[in-house]
Amino acid sequence: MPTLSARLLDRLVPAFDQLDPGADPVLRESDRADFQVNGAMALAKRLGRAPREVAEEILAIADLSGLVSSTEIAGPGFINLTIADEALIEQLVEMGDDEALGVPADPEAGVVVVDYSAPNVAKEMHVGHLRSTVIGDSLCRILELTGAVVVRRNHVGDWGTPFGMLIEHLLDMGEAEAVQGLSVGDLNGFYTEARAKFDADDGFKERSRSRVVSLQAGDEETLRLWRLLVAESVRYFDAVYSELGVLLEESDVVGESYYNPLLDAVVDDLDAAGLLVDSNGAACVFPPGFTNRAGEPLPLIVRKSDEGYGYAATDLAAVRDRVGTLGAQRILYVVGAPQAQHFEMVFAVAKMAGWLPEGTEAIHVAFGNVLGPDRKMFKTRAGGTVKLQDLLAEGTERARSALLERGHDDDSLEATARQVAMGAIKFADLSTDRQRDYIFDWDRMLAFEGATGPYLQYAHARIRSIFRRLEDQPAAGGILLGHPAERSLARHLVALPDAVAATVESLSPSKLCTYLFDLAQHFTSFYEQCSVLQAPDEATRASRLELCELTASSLRLGLGLLGIEAPERM
RNA sequence: GCGCUCGUAGCUCAACGGACUAGAGCAUCUGACUACGGAUCAGAAGGUUGUGGGUUCGAAUCCCGCCGAGCGCACCA
């Protein structure tokens, strides 16, 4: 089913084509009317004609019958369009019949690999993993709805020199005891103890070093111990993901170690392509346009001077694997903004090597830091790292008391508190433009008023409450838009597909957040002005119930795309 | 030093080169509870969009300079 804006474009494009083939109508939502068409002005400039005259000609040519009820040319050459109520109603009916509420699935969307979350084995997840996990999860859900085949990749840090000391520490403790400790999630304690011994005890340090060598050499017993560490960590990650309500699973974990067997080929093939340069003993590629502090060319170090591989090699191998084996048309890296230059370089080298051919693209979906109320990096009061589990638990606790304060009185309290807390945390994160840093503030995000997760959940719960009170099955009549509040709600409802499209286009869930908040506001305004259950007549009542149903579905779908649950009651 | 990102209302944020009033939310002030959840709604007030130029019919948005902030800049990921 085509969206309303697609229908409009179908009528407008031929008119613009007639004056200048390929001209963009520049169709936008408008606060003056329903839509505005701004393309006439740019077109007039190219044609050397008067803008208003061009606008008039467009309107004369375009067949807007049945879709638009009135048009107006305003200002320097804006075309304002008011949608016919019948067209709006038709759109709403189709929306109601569609599980995706009119969001079109693009059959050409292709395979998209989304690389996100990426915690480290044997380390606890902390607030620094929050944004990648939440943003990545939301993008996956949205891309799937819009037709992409999404492959989730949790690129966990499961390899490298720290594993020597971790394995030795595990042996010192005894396997059984170590596993016991790890299974209760005390990964930081484990890591810290290992680190402390490594720094203090030369013998331990020596054992750790040779253990790394055994690990890299593929010694079976060492690998077994390493797998034990990885398995315990993955179980712990799963517990966090499940509490947070993100879709990552064990099978999505494809850590750094997975790419080890592919690294030699990366170097060999770069060498064969003549791209590899030896610089101070390291095997490097110098992609053009990157310089260091001294203004000299900056290398991407593929193999270190000690023969070891760095993360550039792993990232290059991952690009090859994802494009070559998984068939990715797009690879999204949901990774913090500070790594922008690294990814630019990796992508540049991958292109030079032909590993990102025409028709494929790699995108760094960068995001800013989580800051505390003091605008500095978010830390605990003691200055330590905020553990993700602690953060989620605190949120749930705060949500619980907020619900109790407001008289929540059934046995769903625990479950609802968790849903509200996760909704609050996620909405706060997703509603700010990705690129910017955002300030983590419990009171603001957990407020039940304003643009927050709880406000949206509340709007949904109120609608559901109407249906709980409904005793009879309403007659299936048509939709009526007699009241201005009904019409503006309707107008907003049909814009859901456009909001989703804008979100996909920019890979910014904040656009969807804005849409949903506006929708909730339009709804509550309608709700205040238009009685539903006690509507003046049966036809109006049925129509309003239908509008309620569509709003609830839209909120549920939209929140779902953000990874936020929509409880029936709060 | 070079590069990237960014400076919008007291605070947190929107605004895809477009309109006579730069929008929301919070906080503040004023109203509205005998309708479906007042956890709400209606309204008011609040801005030389860091600054100085430029391009344009039209700039928060594009270009240049300056000021300020954060991050990155060779073997950790």
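Letters A, B, ... are given to chains in the order of the sequence lines, protein chains preceding strands, and every chain is numbered from 1.
By the 4.0 Å N-to-carboxylate-O rule, A:Asp437 lies too far from A:Arg375 to be salt-bridged with it. Between A:Arg322 and A:Asp115 there is a salt bridge, since a side-chain N of the basic residue sits under 4.0 Å from a carboxylate O of the acidic one. A salt bridge links A:Arg49 with A:Glu57; the closest basic N to acidic carboxylate O contact falls under 4.0 Å. Between A:Glu565 and A:Arg556, none of the side-chain N atoms (NZ, or NE/NH1/NH2) sits under 4.0 Å from a carboxylate O, so this pair counts as no salt bridge. Salt-bridge formation is detected for the pair A:Asp199/A:Arg195: a Lys NZ or Arg NE/NH1/NH2 atom is positioned less than 4.0 Å from an Asp or Glu carboxylate oxygen. Between A:Asp278 and A:Arg303 there is no salt bridge, since none of the side-chain N atoms of the basic residue sits less than 4.0 Å from a carboxylate O of the acidic one.
The side chain of A:Gln521 approaches B:C41 more closely than any other nucleotide in the set B:C36, B:C41, B:G18. Candidate nucleotides B:A35, B:A77, B:A74 were compared by shortest atom distance to the side chain of A:Gln339, and B:A77 ranks first. Taking every side-chain heavy atom of A:Lys304 into account, B:C76 is the closest of B:C57, B:G37, B:C76. For A:Gln341, the side-chain atoms get nearest to B:G72 when compared with the rest of B:A74, B:G72, B:C75.
Taking side-chain N and O atoms only, A:Thr524 has a distance below 4.0 Å to OP1 or OP2 of B:C41. Dashed line: the shortest gap from a side-chain N or O of A:Arg406 to OP1 or OP2 of B:G38 is not under 4.0 Å. For B:G25, the OP1/OP2 oxygens have no side-chain nitrogen or oxygen of A:Thr452 closer than 4.0 Å. Side-chain nitrogen and oxygen atoms of A:Ser531 include none within less than 4.0 Å of the OP1 or OP2 phosphate oxygen of B:A35. Under 4.0 angstrom from either OP1 or OP2 of B:A39 there lies no side-chain N or O belonging to A:Gln457.
On the P atoms, B:U55 is 27 Å away from B:U8, given to the nearest whole Å. Taking atom C1' in both B:U21 and B:A45, the straight-line distance is 14 Å, to the nearest Å. For the C1' atoms, the distance linking B:G58 with B:G1 amounts to 39 Å, nearest Å. Between B:C4 and B:U12, the distance separating the two P atoms is 27 Å to the nearest Å. B:A44 and B:G50 are spaced 29 Å apart, taking the C1' atom of each and rounding to whole Å. Taking atom C1' in both B:U48 and B:G53, one finds a spacing of 16 Å when rounded to whole Å. Spacing between B:C26 and B:G43 at atom P, rounded to whole Å, works out to 14 Å. Taking atom P in both B:C76 and B:A60, one finds a spacing of 48 Å when rounded to whole Å.
Residue side chain A:Asn80 reaches the base of B:A19 through a donor-acceptor N/O pair under 3.5 Å, judged by distance alone.
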Under 4.0 Å protein heavy-atom contacts per nucleotide of nucleotides 6-17 of chain B, with B for base, S for backbone only and - for none: -S---SSSSSB-

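Atom-to-atom, CD of A:Glu528 to C1' of B:A32 comes out at 9 Å; the value is rounded to the nearest Å. Summarising the geometry, the separation between CG on A:Asp518 and C1' on B:G23 is reported as 10 Å, rounded to the nearest angstrom. The nearest whole Å value for the distance from the OH atom in A:Tyr455 to the P atom in B:G37 is 16 Å. Distance, A:Gln529 CD to B:A42 P: 7 Å, rounded to whole Å. Across the protein-nucleic acid pair, A:Glu449 atom CD and B:C26 atom C1' stand 8 Å apart, rounded to whole Å. One interatomic measurement links the two molecules: CG of A:Asp537 to C1' of B:A35, which rounds to 16 Å at whole-angstrom precision. In this structure, the CD atom of A:Glu546 is 22 Å from the P atom of B:C36, given to the nearest Å. As a whole-Å value, the separation of A:Tyr311 OH from B:A74 P is 10 Å.
Here A:Thr291 lies in heavy-atom contact (under 4.0 Å) with sugar-phosphate atoms only. Residue contacts shown for A:Ala340 are absent, as no nucleic acid heavy atom lies under 4.0 Å away. A:Cys530 comes within contact range of at least one nucleobase, with a heavy-atom separation under 4.0 Å. Note on A:Arg293: a base of the nucleic acid sits closer than 4.0 angstrom, heavy atoms only. In this structure, A:Ser465 reaches the bases: a heavy-atom distance under 4.0 Å links it to at least one base atom across the strands shown. Here A:Ala74 lies in heavy-atom contact (under 4.0 Å) with a base. A:Tyr309 comes within 4.0 angstrom of the backbone, heavy atoms only, and of no base. When heavy atoms are screened at a 4.0 angstrom cut-off, A:Pro338 is found touching the sugar-phosphate backbone but no base atom.
In this structure, A:Tyr311 has its ring center under 6.0 Å from that of A:His342. Ring-centre distance between A:Phe448 and A:Tyr455: not below the 6.0 Å cut-off.
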For RNA chain B, the expected dot-bracket line (Watson-Crick or G-U under 3.5 Å, [ ] crossing, | inter-strand) is (((((((..((((....[....)))).(((((.......))))).....(((((..]....))))))))))))....

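When each of A:Tyr116, A:Phe347, A:Phe343 is tested with A:His364 by the rule ring pair (Phe, Tyr, Trp, His ring centres under 6.0 Å), just one qualifies, namely A:Phe343.
Remark: the backbone N or O of A:Met165 is not paired with any side-chain donor or acceptor of A:Arg211 at under 3.5 angstrom.
Taking the centre and axis of the six-membered ring of A:Phe35, the NZ or CZ atom of A:Arg491 falls inside the cone set by 45° and 6.0 Å.
When each of A:Glu296 and A:Glu344 is assigned the nucleotide of RNA chain B bearing its nearest heavy atom, the one mapping closer to the 5' terminus is A:Glu344. For A:Phe526 and A:Phe517, each mapped to the nucleotide of RNA chain B holding its nearest heavy atom, the one lying further toward the 5' end belongs to A:Phe517.
Put simply, A:Tyr527 rests on the base of B:C36: the two rings are less than 5.5 Å apart at their centres and nearly parallel, under 30°. The aromatic ring of A:Phe78 is not stacked on the base of B:G18, since the criterion of ring centres less than 5.5 Å apart with planes inclined by under 30° is not met. In this structure, the aromatic ring of A:Phe448 is not positioned over the six-membered ring of the base of B:A39 within 5.5 Å between centres and 30° between planes.
Counted by atom type alone, A:Tyr309 and A:Asp264 present one or more donor-acceptor pairs between their side chains at under 3.5 Å. For the 3.5 Å distance criterion, the side chains of A:Gln529 and A:Ser525 qualify, holding a donor opposite an acceptor.
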